[in-house]
Amino acid sequence: MARKKSPNLTEAELRLMDVIWEKGAATVTEVAEALPQELGLAYNTVLTTLRILEDKGYLRHTKAKEGRAFVYEAVVGRNEAGRNAVRYLVSRFFRNSPELLVLNLLEDEELDAKELARIRELIVEDAQ
């Protein structure tokens with residue numbers, strides 16, 4: 001049985017999206033060349049992942065003005081993708097409660113005083 005397609009980005013998909021977001025638009029070759037060499041991703045792997053991202057609605061492609069290559073560009077911006085990921089996280093781990101997520105973050109011992117102060121500042125601004 002085939003695995004259900006997730007609307008969320010996998011780690012591999014996020015790496016490719018980071019390249020597209022950074023460049024604005026890129027061919028498969030440009031994306032492959034921008035990835036760290038140690039990943040050792042083949043052209044076909046990058047192409048397949050870009051097609052999956054297109055199926056998920058994150059990318060679209062057009063034909064390059066010169067040559068035969070397709071040029072991929074983001075349909076979903078980095079901020080929107082981040083919001084989607086947070087919504088998924090809240091629904092999956094925090095019983096659809098943004099409050100539980102925020103409380104979890106505020107109780108995190110790794111937040112420093114500067115980060116906590118900024119969060120408080122944003123809460124006060126939002127309440128006004």
Side-chain angles (χ1 to χ4, degrees):
M1 181 157 121
R3 199 169 97 178
K4 182 181 163 200
K5 256 198 284 189
S6 170
N8 299 297
L9 295 173
T10 65
E11 281 297 316
E13 292 167 350
L14 181 56
R15 274 194 294 272
L16 273 57
M17 286 301 298
D18 280 337
V19 172
I20 299 288
W21 286 324
E22 185 70 30
K23 292 183 171 289
T27 64
V28 177
T29 300
E30 290 169 337
V31 172
E33 289 173 354
L35 294 169
Q37 284 275 307
E38 60 269 12
L39 291 176
L41 295 179
Y43 177 93
N44 284 342
T45 303
V46 174
L47 174 61
T48 299
T49 306
L50 290 173
R51 286 181 176 163
I52 290 168
L53 286 165
E54 191 169 24
D55 287 345
K56 286 183 171 187
Y58 282 88
L59 297 176
R60 70 172 163 241
H61 75 270
T62 56
K63 186 124 171 45
K65 290 182 172 94
E66 294 181 23
R68 298 178 7 203
F70 287 139
V71 177
Y72 289 85
E73 62 183 324
V75 174
V76 174
R78 189 186 305 268
N79 288 339
E80 184 181 346
R83 281 192 300 275
N84 291 342
V86 169
R87 278 189 214 104
Y88 174 74
L89 185 72
V90 168
S91 71
R92 179 96 191 247
F93 295 100
F94 297 99
R95 300 187 309 260
N96 281 325
S97 172
E99 177 185 4
L100 288 177
L101 170 65
V102 171
L103 289 172
N104 186 278
L105 287 172
L106 293 175
E107 292 168 355
D108 187 338
E109 295 168 10
E110 293 184 22
L111 288 176
D112 64 29
K114 186 177 179 181
E115 291 169 321
L116 285 169
R118 179 68 179 133
I119 291 168
R120 284 187 188 96
E121 186 179 301
L122 290 169
I123 291 170
V124 169
E125 285 176 16
D126 194 47
Q128 293 176 355

Side-chain donor-acceptor distances from residues 111-124 under 3.5 Å, at least two apart:
| unit_1 | atom_1 | unit_2 | atom_2 | d |
| --- | --- | --- | --- | --- |
| Asp112 | OD1 | Lys114 | N | 3.1 |
| Asp112 | OD1 | Glu115 | N | 2.7 |
| Glu115 | OE1 | Asp112 | N | 2.9 |
| Arg118 | NH1 | Glu121 | OE2 | 2.7 |

Residues pairing under salt bridge (Lys or Arg N to Asp or Glu O under 4.0 Å) where one sits in residues 16-36, two or more places apart or in two chains, turn out to be Asp18-Arg78
Any link between Leu89 and Val102 through a network of hydrophobic side chains (Ile, Leu, Val, Met, Phe, Trp, Tyr) touching at under 4.5 Å?
no
Tell me whether Phe94 is reachable from Leu103 by hopping between hydrophobic residues (I, L, V, M, F, W, Y) whose side-chain heavy atoms are closer than 4.5 Å.
no
Which residue pairs pass the side chain to side chain donor-acceptor pair (under 3.5 Å) test with at least one member in residues 89-98, sequence neighbours excluded?
Tyr88-Arg92
For residues Val71 and Ala25, report the shortest heavy-atom separation together with the two atoms involved.
CG1-CB, 3.7 Å
Is the number of heavy atoms from other residues, nucleotides or ligands under 6.0 Å of Glu125 CD greater than 12?
yes
Cluster partners of Leu35, using ILVMFWY side-chain heavy atoms under 4.5 angstrom, listed by chain and number?
Leu9, Leu14, Leu16, Met17, Val19, Ile20, Trp21, Val28, Val31, Leu39, Leu41, Tyr43, Val46, Leu47, Leu50, Leu53, Tyr58, Leu59, Phe70, Tyr72, Val76
Among pairs that include at least one residue of residues 60-69, which meet side chain to side chain donor-acceptor pair (under 3.5 Å), considering only residues two or more places apart or in two chains?
Glu54-His61, Arg60-Glu73
Partner set under salt bridge (Lys or Arg N to Asp or Glu O under 4.0 Å) for Arg87, not counting sequence neighbours
none
